[in-house]
**Student:** 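First the structure, then my questions, so here it is.
Everything numeric in this text was worked out from a predicted model, so none of it was measured. In what follows, residues are counted from 1 in the order of the sequence shown. The figures that follow rest on heavy atoms only: side chains count, while hydrogens, waters and symmetry mates do not. Every number for a ligand or one of its atoms is a count from 1 in the order of the listing.
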Amino acid sequence: MPAKLLEGKPIAEKIKEEIKKEIEALGRKLVLASILAGDNAGAEAYVKSQKKTAEALGIDYQFHKLESNISESGLIEFIQKLNADKNVNGIIIQMPLPAQIDYKKISQFIAPEKDIEGMHPQNIGKILFGKAKIAPCTAASCMELIKASGVDLYGKEVVVVGHSEIVGKPLALLLLEQFATVTVCHIGTSKAGKLEEHVRKAEILIVAVGRVGLIKGEWVKEGAIVIDVGINRVNDKIVGDVEFEGASARASYITPVPGGVGPLTVTLLMRNLVEAAKIQR
Ligand code: NAD
């Protein structure tokens, strides 16, 4: 039997209903400040989708377009103004940033209580202690999709492929918090020729690399849950990192690409905004 699809949209719709109630309980209009430095078609499309989701939830989406030649200190100054602005509840910096700006440095200047991407070292640190109120959206999306499958993570063999700061690393911590047995694979695993061996053991497999067909369908364990985070453009089509047909013939649940992780991330950004507003209160 082919795998059941784990779609992000219905989960996102449920979470949006909860967000609306939370905003009502807060009793004020929330403001999200979004910064884009320079021109980037991909980032602008993402901004559009954030704005649409925010406005549907009654959130005021303030968009700040900055020059592509802005200096690091200029951007820090801009962020600090938003930090000091009592009307602003959350700040997001759109990627990619111009080459002269180091995101790792910049992310430390967003006030932790306004860091709705969950990338400030203080927020990342809270994940380590199992006290995260604001987690990076893509990692949190994977957790929501796993939850929707109904599986209990306790003691499960989970393999995460990809160890970036925004997905693999925070996700491994969130999974450990649920007592999963977590293996994190990356380029080193592949270079050592051990990726297949690890993937074959996964009861839950999460892949966030950005390489078409990296995970062969026949590597997927019978009955596994597969979350494909990868986004790759092939002849004007978006595909993931996992061979979808082969994998869905073996898995019990699988996310479609597009339509799995993607639709959830923007909604979870708004949930983080609500959490930020609660912390500020
Ligand atoms: P990244 O480039 O920061 O990290 C890539 C990771 O893949 C690294 O850990 C690297 O070691 C590993 N890797 C590279 N080649 C490998 C190989 N051959 N075998 C095993 N591991 C390998 O990427 P990222 O920002 O984490 O994004 C990963 C993918 O997820 C991209 O396709 C990105 O577009 C997608 N993504 C999707 C969403 C979404 O909302 N759906 C959000 C964020 C990222």
Side-chain angles (χ1 to χ4, degrees), residues 5-9 11-12 15 40-50 52-53 92-97 102-104 107 116-119 124 127 135-146 148 158-175 182-202 205-216 219-220 226-234 237-244 247 254-272:
L5 283 185
L6 271 177
E7 288 177 295
K9 217 169 166 193
I11 308 170
I15 296 174
N40 182 282
E44 289 193 20
Y46 196 41
V47 162
K48 222 166 142 187
S49 125
Q50 288 169 5
K52 194 172 156 210
T53 306
I92 175 170
I93 300 177
Q94 308 296 339
M95 301 299 283
L97 281 166
D102 174 4
Y103 177 71
K104 281 189 191 165
S107 63
I116 56 171
E117 287 183 281
M119 291 308 293
I124 296 280
I127 300 181
C137 302
T138 312
S141 299
C142 295
M143 294 303 287
E144 287 293 340
L145 286 157
I146 295 170
V158 184
V159 174
V160 179
V161 187
H163 79 318
S164 69
E165 279 87 16
I166 63 161
V167 195
K169 284 182 190 169
L171 182 57
L173 294 174
L174 293 170
L175 290 161
V182 185
T183 304
V184 182
C185 302
H186 40 70
I187 185 69
T189 320
S190 274
K191 290 255 159 88
K194 292 186 176 162
L195 186 62
E196 175 180 349
E197 179 188 324
H198 287 292
V199 168
R200 281 191 182 274
K201 287 187 203 146
L205 173 67
I206 305 152
V207 189
V209 172
R211 263 179 178 244
V212 183
L214 176 70
I215 306 296
K216 307 291 166 228
W219 295 359
V220 172
V226 179
I227 313 286
D228 191 350
V229 185
I231 299 177
N232 309 288
R233 192 171 282 277
V234 180
K237 261 184 78 186
I238 302 287
V239 297
D241 294 339
V242 180
E243 285 182 354
F244 185 81
I254 189 164
T255 55
V257 180
V261 180
L264 262 173
T265 51
V266 177
T267 298
L268 293 187
L269 183 73
M270 303 306 154
R271 187 167 76 182
N272 280 351

**Student:** Do F244 and I254 make a side-chain contact, defined as non-hydrogen atoms from C-beta onward lying under 4.5 Å apart?
**Tutor:** yes
**Student:** Not counting sequence neighbours, which residues clear side-chain contact (heavy atoms from CB on, under 4.5 Å) with K104? List them please.
**Tutor:** D102, E165
**Student:** Are the charged groups of K48 and E44 less than 4.0 angstrom apart, N to O?
**Tutor:** no
**Student:** Tell me the closest heavy-atom pair linking V266 and Y46, and the distance in Å.
**Tutor:** CG2-CE1, 3.6 Å
**Student:** Is any side-chain heavy atom of P256 closer than 4.5 Å to one of E7?
**Tutor:** yes
**Student:** Quick check on ligand 1: any N or O pairs to the protein under 3.5 Å? One line per pair.
**Tutor:**
unit_1, atom_1, unit_2, atom_2, d
ligand 1, 9 (O), H163, N, 2.6
ligand 1, 9 (O), H163, ND1, 2.5
ligand 1, 11 (O), I187, N, 3.1
ligand 1, 19 (N), S190, OG, 2.6
ligand 1, 21 (N), I187, N, 3.3
ligand 1, 26 (O), S164, OG, 2.5
ligand 1, 32 (O), I231, N, 3.0
ligand 1, 32 (O), I231, O, 3.3

**Student:** Under a 4.5 Å cut-off applied to non-hydrogen side-chain atoms, are I227 and V207 in contact?
**Tutor:** no
